[in-house]
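If you're wondering where the values come from, they're calculated on a predicted model, not measured in any experiment. For the single chain, residues carry numbers from 1 onward in sequence order.
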Amino acid sequence: MFICRDMENIKILSRVIGGLFYYHPSQYETVGINAILKLDHSGFTQFDTTTAVISATDPHTLSVWHDELFTGIGEMKAPPWGSVYLDKESVVFGDSTLHFRQFLQQYGIKFEVNHNEPEDQFGLMLMVIASLIEDNKFDAVTELLSIHLLPWAPHYLTLLQQAAPAGAYRELAELGQAFIMALAQEFNAEIIPSKIYFNA
């Protein structure tokens, strides 16, 4: 397993991997991701491999891929929002999004999303995990994983691996898959079905 039992490292990985799924490459410098990408060796092989591929990818190509895979430009073969997979109508801002929004309010988590985007975006959810770890709310991490993320994320990441061109984002999808499985093991999280979930 590439993740260690150091909560500080888990927090950093959650924030950075989440950021790679969420932020446009043009934002990497502003949000501090470029500094992470320049590190020679983090100690986590799969993370290092993925960030090396991302760093080596032409910035314009990376931006085009990001727009196609994460922002809905053209046909989205792997939408990154949970409600697309969980709600009966397969729509964004569905009941599962509202359920996750209630979870965020319960734990006092507030953030501004880009372009009125749903809060149940995969990368955002990983960054929420980082915030919960920072506040020592480990039971909440287990709840988030079990109820809000694991019921749909493995399917989403499989679709993303299939949809992404060979290279940066396919590597990132594989990293994301390994990371959430490691988180599930670390926090003893298992999928807890909910009556609001239909398509997982």
Side-chain angles (χ1 to χ4, degrees), residues 2-4 6-74 76-82 84 92 104 109-135 141 144 149 153 156-180 182-183:
F2 69 94
I3 181 172
C4 74
D6 182 335
M7 285 296 164
E8 183 67 21
N9 286 336
I10 296 172
K11 180 185 74 175
I12 292 169
L13 285 170
S14 297
R15 187 161 285 141
V16 174
I17 296 171
L20 288 169
F21 274 92
Y22 182 67
Y23 292 112
H24 190 274
S26 64
Q27 298 175 285
Y28 284 0
E29 187 67 41
T30 303
V31 299
I33 290 177
N34 274 348
I36 301 294
L37 296 178
K38 292 173 184 175
L39 294 177
D40 292 331
H41 182 64
S42 72
F44 302 109
T45 304
Q46 190 168 5
F47 179 81
D48 291 339
T49 300
T50 302
T51 54
V53 172
I54 292 172
S55 297
T57 303
D58 171 70
H60 175 71
T61 300
L62 196 63
S63 294
V64 170
W65 287 348
H66 183 278
D67 290 343
E68 291 174 352
L69 296 167
F70 300 108
T71 60
I73 295 178
M76 292 197 79
K77 297 180 180 178
W81 305 287
V84 174
V92 295
L104 295 175
I109 297 175
K110 298 178 181 179
F111 50 78
E112 294 183 12
V113 295
N114 293 332
H115 312 298
N116 197 31
E117 183 174 19
E119 293 92 336
D120 58 347
Q121 201 266 6
F122 178 77
L124 279 176
M125 291 181 119
L126 290 185
M127 290 190 280
V128 169
I129 288 172
S131 295
L132 292 171
I133 292 172
E134 191 164 41
D135 293 338
V141 175
L144 188 157
L149 191 63
Y156 156 65
L157 292 166
T158 297
L159 292 179
L160 182 60
Q161 289 174 46
Q162 296 168 354
Y169 286 117
R170 188 178 297 176
E171 291 280 343
L172 183 61
E174 293 173 2
L175 173 64
Q177 194 80 269
F179 186 62
I180 63 168
L183 285 174

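The nearest pair of heavy atoms linking Met76 to Glu68 is CG-O, 4.4 Å. Between Pro165 and Trp65, the shortest heavy-atom distance links the atoms CG-NE1, 3.4 Å. A pairwise comparison of heavy atoms in Ala164 and Arg170 identifies O-NH2, 2.9 Å as the closest pair. The heavy-atom pair separating Met7 from Ile133 by the smallest distance is O-CG2, 3.7 Å.
A distance of 11.0 Å separates CE of Met127 from CD1 of Ile129, quoted to the nearest 0.5 Å. Distance check: Leu37 CG to Ser55 OG gives 4.0 Å after rounding to the nearest 0.5 Å. The CG atom of Leu175 sits 8.5 Å away from atom OG1 of Thr51, with the distance rounded to the nearest 0.5 Å. Rounding to the nearest 0.5 Å gives a distance of 10.0 Å between CD of Gln162 and NZ of Lys77. Taken to the nearest 0.5 Å, the CG atom of Leu20 stands 9.0 Å off from the CG atom of Leu62. Considering OG of Ser14 and CG of Asn9, their distance stands at 10.5 Å, rounded to 0.5 Å.
With hydrogens and angles disregarded, no donor-acceptor distance shorter than 3.5 Å links the side chain of Thr61 to the backbone of Thr57. In this structure, the side chain of Gln27 does not engage the main chain of Thr30 through any donor-acceptor pair within 3.5 Å.
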Between Lys110 and Leu104, does a side-chain contact (heavy atoms from CB on, under 4.5 Å) hold up when you go through it step by step?
CA-CA 7 Å; Lys110 298 178 181 179; Leu104 295 175; over 6 Å; no
Is there a side-chain contact (heavy atoms from CB on, under 4.5 Å) between Phe47 and Ile12? Walk through the geometry before answering.
CA-CA 12 Å; Phe47 179 81; Ile12 292 169; over 6 Å; no
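Test Leu157, Leu69, Leu124 against Phe21 for side-chain contact (heavy atoms from CB on, under 4.5 Å) and you get one pass: Leu157.
Side-chain contact between Leu149 and Leu183: absent, with no pair of heavy atoms (C-beta onward) separated by less than 4.5 Å. No side-chain heavy atom of Ile54 sits less than 4.5 Å from a side-chain heavy atom of Glu171. Residues Pro25 and Pro59 fail the side-chain proximity criterion, which asks for heavy atoms closer than 4.5 Å. The closest side-chain heavy-atom distance from Leu13 to Leu126 is not below 4.5 Å. When side chains are defined from C-beta on, Pro80 does not count as touching Tyr22, because their heavy atoms never get closer than 4.5 Å.
For residues 10-31, the pairs satisfying salt bridge (Lys or Arg N to Asp or Glu O under 4.0 Å) are Glu8-Lys11, Lys11-Glu134, Arg15-Glu134, with sequence neighbours left out.
Of the N and O atoms on the side chains of Trp81 and Glu119, not one donor lies less than 3.5 Å from an acceptor on the other residue.
Taking the centre of each ring, Tyr156 and Phe122 come in below the 6.0 Å mark.
In this structure Phe70 satisfies the ring-ring contact (aromatic ring centres under 6.0 Å, His included) test together with His66, Tyr169, sequence neighbours excluded.
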